[in-house]
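The structure appears right after this line, and notes come after that.
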Amino acid sequence: MMFKGMHIISMKNFSRKMIDHILDTAEQLEDIARNKEQSDILAGKILAVLFFEPSTRTRMSFETAIMRLGGNVLNLGSVDISSIAKGESLADTIRVVAGYSNAIVLRHPMEGAAKLASEFSSVPILNAGDGAGHHPTQTFLDLYTIRRESHLEGLKIALAGDLKYGRTVHSLCYALSHYGADITLVSPEELRMPQEIINDLKNRGLNVTETDSMESAIKDVDVLYMTRVQKERFPDDAEYQKVANRLKITPELLESARSEMKIMHPLPRTTEIDPGVDATPHACYFQQSFYGVPVRMALLALVMGAME
Ligand code: ASP
């Protein structure tokens, strides 16, 4: 399998074999991510970090990942003080930054931005979220979390919250289609998963059901994947307010869940998971955010050609 030089744009580009290989590579690197072992396999390599939207975990875990492997980070920093504020096009920025680095991590509000960037880049582009489109590196860490904390094969999972604008769930459900999952989609009517994605999933042989009731959805699942309502994607605040607090997980609600059920969330959370849930054995979202480090180490080592 040749990952060297590959752009990471959408889960649609990955076969089951490729996904399993990335997860296996992450597992090999986990002790380095935990700082129990040292490595310099990416010494001399530079990762450029271009974030046109806010981020905590994705940006910092990519930075941690390259540094734990001996490489360096080149961070664009705030868009307002770069040439982008002078009107530079994304294509030109990418052409320039590719000359300074060995790979570029890009987060952008426009759907399709990462794909576009890949057409102008001489180094691998890693899509760190393109608007409401995709977020494949989040999906690799989600799959890694599910494999470590539950099981991927024949998974019963509920995806809940903002399924319309949530790029993490868009990417995740494509990946799950390789493992034969039962998917329950839980959202208010206004935030349903786009029909085109549901059709794709059904064509890939997945069992997909939709509901707006959290109570019924959580009874029989292995994993509940909760998401934030994506305020920044709404055309106006009034529309956002109508759905903002519709779904919420509380310790009381969890009484009807299976004891081994895990709750995941890409974070940040707002009101959708009550802090009282954090102390329950179901809460898995902070482990999940740590797993971003070994997974992003694996992706960087593979696309930069330091591992095969
Ligand atoms: N951090 C995730 C993302 O960038 C989820 C979120 O923002 O709600 O898509």
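Atoms within each ligand, like the ligands themselves, are counted from 1 in listed order.
Within the hydrophobic cluster formed by Ile, Leu, Val, Met, Phe, Trp and Tyr side chains joined at under 4.5 Å, directly or through other members, I218 is accompanied by V186, M214, V221, L224, M226, L247, I249, L253, L254, M261, I263, L267, I273, V277, Y285, F286.
Residue pairs meeting the ring pair (Phe, Tyr, Trp, His ring centres under 6.0 Å) criterion with at least one partner in residues 113-157, sequence neighbours excluded, are F14-F140, Y144-Y291. For residues 2-11, there are no side chain to side chain donor-acceptor pair (under 3.5 Å) pairs, not counting sequence neighbours.
Geometrically, R296 engages F62 in a cation-pi contact defined by less than 6.0 Å to the ring centre and at most 45° from the axis.
Results of the salt bridge (charged side-chain N to carboxylate O under 4.0 Å, His left out) test with E30 over K36, R148, R147 single out R148 as the only residue that passes.
Listed by chain and number, R107, H135, R167, T168, R228, Q230, P266, L267, P268 each place a non-hydrogen atom less than 4.0 angstrom from ligand 1.
If you chain together hydrophobic residues whose side chains sit under 4.5 Å apart, L50 and I8 never meet in one group.
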